[in-house]
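Chain letters run A, B, ... following the sequence lines, proteins first and then strands; every chain starts at 1. Because only heavy atoms are used, hydrogens play no part in the values below, and waters and symmetry mates are left out as well, while side chains stay in. Given the structure is predicted, the values throughout are model-derived calculations rather than measurements.
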There are 2 protein chains.
Amino acid sequence: MRAKLSDVAKKAGVSPTTVSRVINNYGYISDKTRNKVHEAMKELNYQPNSLARSLHGKKTNLVGLIFPGVSNPFFGELVEEIENKLFEDGYKVILCNAAYNKEKERSYLRMLLANQVDGIIAGAHNLGIDEYQEFGLPIVSFDRSLSENVPIVSSDNYKGGVIATQELYDAGCRHIYFVGNPVQKGNPTDHRLSGYRDTIKKLGLTLHIHPVSFSETPMLKIMAIKQLLSEHKADGIVCTDDLTALLVIQAAQELGINIPEQLKITGFDGTKFIQQYHPELSTVVQPTKDIAALLVKLLERRIAHPDEDLKQKSYILPIRFIKSKTISDN
Amino acid sequence: MRAKLSDVAKKAGVSPTTVSRVINNYGYISDKTRNKVHEAMKELNYQPNSLARSLHGKKTNLVGLIFPGVSNPFFGELVEEIENKLFEDGYKVILCNAAYNKEKERSYLRMLLANQVDGIIAGAHNLGIDEYQEFGLPIVSFDRSLSENVPIVSSDNYKGGVIATQELYDAGCRHIYFVGNPVQKGNPTDHRLSGYRDTIKKLGLTLHIHPVSFSETPMLKIMAIKQLLSEHKADGIVCTDDLTALLVIQAAQELGINIPEQLKITGFDGTKFIQQYHPELSTVVQPTKDIAALLVKLLERRIAHPDEDLKQKSYILPIRFIKSKTISDN
DNA sequence: TTGTATGCGTTATCAA
DNA sequence: TTGATAACGCATACAA
């Protein structure tokens with residue numbers, strides 16, 4: 001059995017209250033007793049029980065992270081950054097891989113509630129607004145509008161779409177296709193698409209939108225892409241994400257299409273992984289670190305002042321573009 | 001304020017005990033009261049407080065996951081699988097990214113203890129045996145020996161090293177190099193290296209071991225690899241992991257070395273990510289899903305019977321080899 | 001079939 | 001500067 005507070009008290013020859021005071025640096029204690037207590041704690045290898053502590057209305061210092069998963073490098077990196085930041089501030093993370101499953105996400109929400117988490121960072125969005133509404137819990141969201149009083153952090157998806165399209169145009173493309181996640185109301189991808197759409201129109205070109213679902217297997221995706229490449233005469237492709245872009249590159253190579261001479265490609269996300277292991281890919285870089293930092297900062301503010309009105313509901317962080325070999329050779 | 005058990009009792013016109021009985025399906029209750037209670041719970045949107053519940057000596061259903069991080073696709077996928085399995089069994093996961101930092105790992109251990117987790121799955125290994133020793137907690141480990149009574153799960157790293165080397169030999173390589181993490185006692189990489197070493201000797205070839213540290217930036221790694229490729233006449237390279245293999249491919253391409261004609265390459269890990277987005281890479285596939293399942297199963301058994309002697313300390317799961325275009329063209 | 005009383009390990013209130 | 005005591009929300013032994 002693990003040592004408890006009263007054991008420490010007994011060993012140190014003081015009252016439980018005094019031990020609690022030492023632990024929490026609360027009220028007045030003489031150095032002598034403080035030392036005695038510290039010694040006893042060492043000897044017994046004492047660890048305060050967070051559960052009992054939290055039961056008393058203190059914070060749990062637990063934060064729930066609801067994301068689709070961590071096997072996708074983008075979410076892996078984002079979750080890792082968030083975890084790091086939270087750790088620095090004394091929070092622990094309960095990881096919830098909601099996949100793309102409404103039921104699981106709902107179940108997770110209930111669980112987090114039962115575990116008295118101090119707050120939630122939501123990056124998976126299978127559920128509607130109402131489900132998140134009824135929680136009296138501090139919540140911040142990544143990349144999607146959940147509810148009136150939930151702040152949203154995202155990167156400038158629209159501008160990303162604009163820049164990617166424009167870069168292809170500037171590099172000489174006149175048949176620019178958009179390949180990626182199908183449109184779905186409220187999805188951040190939509191803004192990337194809007195950016196593409198508006199730019200294409202502004203440039204006087206023709207829209208070519210090819211939905212390729214996220215949930216499809218890469219095998220199916222690559223077949224769809226090959227079909228696209230062989231049946232259409234695209235000279236530039238704006239991809240909704242880097243992984244799709246990798247598939248496009250792969251498909252092009254298999255078809256003997258030269259990149260960037262015959263076909264130029266842009267991705268989206270710009271994870272460290274992509275930057276390091278696919279430096280050839282031109283892509284829109286999301287500021288993962290800043291996103292993580294802001295999410296955490298907003299959540300902590302919300303935890304500290306739950307009733308404070310939101311000064312700002314939406315935070316859009318700037319993206320940057322990496323121009324590389326899938327656009328230009330030099 | 002959230003509704004508590006006594007609120008439900010009041011609303012339903014019964015005693016708290018009865019409500020508790022309904023929640024836990026304990027003892028006898030009439031259908032009528034059961035319904036009343038359920039109704040009251042619905043109305044108040046009641047969620048039992050896990051903390052209070054666990055304080056009573058019940059399990060927390062919390063499991064700590066200590067891994068280097070989740071941005072590396074291999075760990076990302078493994079953690080995701082583990083989380084899925086644990087979720088199915090009603091456990092929640094506290095995610096601990098220990099990076100390669102002793103202090104952080106130690107700090108996490110204390111934290112997990114304070115949070116009364118039911119058990120720990122350890123996949124980061126900065127700390128020595130003794131630090132894990134003093135925990136009276138069920139622990140299972142991935143890929144490294146921690147302590148006498150901690151079961152270890154790993155894939156057959158040795159055989160992986162053997163197979164990779166042999167495959168290169170069979171494909172015609174006679175100057176086979178080993179590139180990867182430097183030797184470090186207790187590291188699983190060591191077994192991959194041993195497999196390489198033994199096979200090279202058996203084949204009567206010369207050993208060529210080139211340590212490239214994990215912690216180095218890919219930039220530095222790639223420079224080291226380029227140097228290796230230009231100064232030595234390697235015709236086959238066994239890499240400790242797929243990411244290193246990607247860098248070797250990249251370096252070879254930049255140097256105009258033809259794969260697989262002039263140089264053949266094998267990786268290690270075989271994540272879904274690599275299989276999908278780099279199908280050209282020949283690699284040793286670790287059975288991520290089985291590893292996750294076994295880790296969870298062993299932990300649960302340990303939680304259920306903490307004092308049971310270990311039937312088996314070490315579990316080595318079979319790997320398989322994917323032979324692809326970095327070895328042979330057809 | 002249901003209710004009362006007590007305790008889990010800690011913190012907060014009050015008194016000494 | 002310290003200690004006794006009552007909570008926190010729930011589950012269990014015991015009684016009814």
- Take the protein atom OH of Tyr26(B) and the nucleotide atom C1' of dC10(D), then report the distance between them rounded to whole Å. 14 Å

- Task: Starting from P on dT10(C), measure out to CE on Met41(A) and report it in whole angstrom.
- Result: 11 Å

- Atom NZ of Lys59(A) and atom P of dT11(C) are separated, to the nearest Å, by 15 Å

- Could you list the residues that satisfy side chain to side chain donor-acceptor pair (under 3.5 Å) with Asn157(B), not counting sequence neighbours? Asp143(B), Arg192(B)

- Query: For Lys58(A) and dT11(C), is the shortest distance between a side-chain N/O and OP1 or OP2 below 4.0 Å?
  - Reply: no

- Task: In sequence, state the C-alpha distance, the side-chain angles, and the governing distance for Leu298(A) and Tyr315(A), and then conclude on side-chain contact (heavy atoms from CB on, under 4.5 Å).
- Result: CA-CA 10 Å; Leu298(A) 289 174; Tyr315(A) 297 80; 3.6 Å; yes

If you look only at distance, which donor and acceptor atoms sit under 3.5 Å apart when one is on a side chain in residues 45-53 of chain B and the other is two or more places apart or in another chain?
{"unit_1": "Asn45(B)", "atom_1": "ND2", "unit_2": "Glu134(A)", "atom_2": "OE2", "d": "3.0"}
{"unit_1": "Gln47(B)", "atom_1": "OE1", "unit_2": "Arg110(A)", "atom_2": "NH2", "d": "2.8"}
{"unit_1": "Gln47(B)", "atom_1": "NE2", "unit_2": "Arg110(A)", "atom_2": "O", "d": "3.3"}
{"unit_1": "Asn49(B)", "atom_1": "OD1", "unit_2": "Leu51(B)", "atom_2": "N", "d": "2.7"}
{"unit_1": "Asn49(B)", "atom_1": "OD1", "unit_2": "Ala52(B)", "atom_2": "N", "d": "3.3"}
{"unit_1": "Ser50(B)", "atom_1": "OG", "unit_2": "Ala114(A)", "atom_2": "O", "d": "3.0"}
{"unit_1": "Ser50(B)", "atom_1": "OG", "unit_2": "Asn115(A)", "atom_2": "OD1", "d": "3.4"}

- Task: Compute both the distance and the angle, then confirm whether Lys104(B) meets the cation-pi test with Phe87(A): under 6.0 Å from the six-membered ring centre, within 45 degrees of the axis.
- Result: yes

- Between atom CG in Leu51(B) and atom P in dA11(D), what is the gap in whole Å? 12 Å

- Query: Who passes salt bridge (charged side-chain N to carboxylate O under 4.0 Å, His left out) against Glu105(B), sequence neighbours left out?
  - Reply: none

- Query: Going by an N to O cut-off under 4.0 Å, is there a salt bridge joining Glu300(B) and Lys85(B)?
  - Reply: no

- Task: Given side-chain contact (heavy atoms from CB on, under 4.5 Å), test Leu137(A) with Gln116(A) step by step and report yes or no.
- Result: CA-CA 9 Å; Leu137(A) 220 57; Gln116(A) 317 294 117; over 6 Å; no

- Mind checking Thr33(A) for me? I need base, sugar-phosphate or nothing, with any heavy atom below 4.0 Å counting as a touch. sugar-phosphate

- Do other residues, nucleotides or ligands put more than 12 heavy atoms under 6.0 Å from Lys59(B) NZ? yes

- Task: Please state how far atom NZ in Lys32(A) lies from atom P in dT2(D), giving the value in whole angstrom units.
- Result: 8 Å

- Message: If the cut-off is 4.0 Å, is Ser30(B) near the phosphate of dT2(C), judged by side-chain N/O to OP1 or OP2?
- Response: yes

- Message: Measure CG/Asn24(A) against P/dT2(D) and give the value in whole Å, please.
- Response: 16 Å

- Base dA12(C) to side chain His56(A), donor-acceptor N/O within 3.5 Å cut-off: no

- Charged N-O contact under 4.0 Å between Glu103(A) and Arg106(A): yes

- Query: Of all of residues 8-20 of chain A, which get a heavy atom below 4.0 angstrom from DNA chain C, listed by number?
  - Reply: Thr17(A), Ser20(A)

- Task: For Leu55(A) and for Ile23(B), locate the closest nucleotide of DNA chain D by heavy-atom distance; then report the residue assigned to the nucleotide nearer the 5' terminus.
- Result: Leu55(A)

- If only atom types and distance count, is the side chain of Glu80(B) paired as donor or acceptor with the main-chain N or O of Asn97(A) below 3.5 Å? no

- Counting just side-chain N and O atoms, does Ser6(A) come under 4.0 Å of either OP1 or OP2 of dT10(C)? no

- Item | Distance, rounded to the nearest Å, where Asp7(A) contributes CG and dC8(C) contributes C1' | 13 Å

- Quick one: does Gln286(B)'s side chain have a donor or acceptor within less than 3.5 Å of a partner on Thr288(B)'s backbone? no

- Value in whole Å for how far the P atom of dC8(C) lies from CG of Leu5(B): 19 Å

Please write out the pairs of protein N or O atoms and N or O atoms of nucleotides 14-16 of chain C separated by less than 3.5 Å, giving the distance to one decimal.
none

- Item | Under 4.0 angstrom between Arg53(B) side-chain N/O and dA11(D) OP1 or OP2 | yes

- Under a 4.0 Å heavy-atom cutoff, the residues of residues 43-50 of chain B touching DNA chain C are none

- Report yes or no: does Asn24(B) contribute a side-chain atom to a donor-acceptor pair with the main-chain N or O of Arg21(B) at less than 3.5 Å? no

